[in-house]
Amino acid sequence: MPANGTLRPARYERRSGWPTTRSPPSDHCVYTSRWTRTIDAATCLSRDDRGWLHQRLADLAAQWQTRPEGLPECVVHGDAWVGNVVRTADESVLLDFERVSVGPPEWDLVSTAVKMTTTGAVSTAEYAQFCAVYGTDVTTWEGYELLAGARALRMVTYAAQHAATRPEWRAEAQYRVDCLRGRTVSPPWGWKGII
């Protein structure tokens, strides 16, 4: 959020050579091989939990192949969250472009929505302001649950992978798994940052 407390869309730096066709394909949003390695590295979790995460990933990847139509594909950041934004009093600038590609804009928008519906890190009022600025509410799109599920899985596997070598994060990683598996209260779950 900028220093004055208002949400504004982050400015994409314009560069020559942005892809104008679907390259790489837009199924980049469910990084099956990358997430498989992340789950495998989450050795602090039980074999049962890792198996469940692998199955959840397979289910999401299958759903991705038949996802509903959404907004027209465009350049997407691929990892749009507040940690990849530098804010000043005058503007917001996105950083970390390693996952930039052409794909569904909902992939970037769902990150903020998940912070409201899943983690509780964004209030309803903040999310309404975000939607007003962007002109759309991704939670009303019929594919929202798919992308929200993928984002939540990513947040869980990231925490679990790092908790394997950082004992102080193990309780949070396990709590996130428990949330996805329905072993806790309903969302928002109030997940804590681990870095």
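Since the structure is predicted, the reported quantities are computational estimates derived from the model, not experimental observations. Keep in mind that the numbers below use all heavy atoms, side chains included, and drop hydrogens, waters and symmetry copies.
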Taking all non-hydrogen atoms of both residues into account, name the closest pair between [X] and [Y] and its distance.
{"X": "R170", "Y": "A164", "answer": "NH2-O, 3.0 Å"}
{"X": "A160", "Y": "C44", "answer": "O-SG, 3.6 Å"}
{"X": "L109", "Y": "Y134", "answer": "CD2-CD2, 3.8 Å"}
{"X": "A163", "Y": "A173", "answer": "CB-CB, 3.7 Å"}
{"X": "R183", "Y": "V177", "answer": "NH1-CG1, 4.4 Å"}
{"X": "P104", "Y": "V76", "answer": "O-CG1, 3.4 Å"}

Point to revise | From T119, T117, T118, residue fulfilling side-chain contact (heavy atoms from CB on, under 4.5 Å) relative to K115 | key: T119
Rounded distance (nearest 0.5 Å) linking atom [atom1] of [X] with atom [atom2] of [Y]:
{"X": "L60", "Y": "W35", "atom1": "CG", "atom2": "CH2", "answer": "7.0 Å"}
{"X": "L153", "Y": "R56", "atom1": "CG", "atom2": "CZ", "answer": "7.0 Å"}
{"X": "S92", "Y": "N84", "atom1": "OG", "atom2": "CG", "answer": "12.5 Å"}
{"X": "E172", "Y": "H162", "atom1": "CD", "atom2": "NE2", "answer": "13.5 Å"}
{"X": "D96", "Y": "H77", "atom1": "CG", "atom2": "NE2", "answer": "5.5 Å"}
{"X": "R34", "Y": "I39", "atom1": "CZ", "atom2": "CD1", "answer": "13.0 Å"}

Any side-chain donor near an acceptor of the partner, [X] and [Y], under 3.5 Å:
{"X": "Q63", "Y": "D59", "answer": "no"}
{"X": "D40", "Y": "Q161", "answer": "no"}
{"X": "D137", "Y": "T139", "answer": "yes"}

Exercise for review: Tell me whether F97 is reachable from V86 by hopping between hydrophobic residues (I, L, V, M, F, W, Y) whose side-chain heavy atoms are closer than 4.5 Å.
Suggested key: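 Different clusters: V86 never reaches F97 through Ile, Leu, Val, Met, Phe, Trp or Tyr contacts under 4.5 Å.
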Less than 4.5 Å apart, side chain to side chain, heavy atoms only: is that true for [X] and [Y]?
{"X": "F130", "Y": "V122", "answer": "no"}
{"X": "L53", "Y": "L45", "answer": "yes"}
{"X": "W141", "Y": "T136", "answer": "no"}

Could you check whether any side-chain N or O of [X] sits under 3.5 Å from a backbone N or O of [Y], counting only pairs where one atom can act as donor and the other as acceptor?
{"X": "Q174", "Y": "A171", "answer": "no"}
{"X": "E106", "Y": "G143", "answer": "no"}
{"X": "S111", "Y": "D108", "answer": "no"}

Check your understanding: So does E69 have more than 12 non-hydrogen atoms from other groups sitting under 6.0 Å from CD?
Key ->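 12 or below, so no.
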**Study point:** Parallel, tilted or perpendicular: ring planes of W189 versus W191, cut at 30 and 60 degrees
**Key:**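 Parallel: the ring planes of W189 and W191 meet at under 30°.
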Point to revise | N-O pairing of D49 and R176 below 4.0 Å | key: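 No, no charged N to carboxylate O under 4.0 Å.
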Exercise for review: Could you give me the CA-CA distance, side-chain angles and deciding distance for V114 and M155, then say whether side-chain contact (heavy atoms from CB on, under 4.5 Å) is met?
Suggested key: CA-CA 10 Å; V114 164; M155 292 163 56; 4.1 Å; yes
Review point. On the ring face of W107, is R151 found with NZ or CZ under 6.0 Å from the centre and within 45° of the axis?
Key: yes
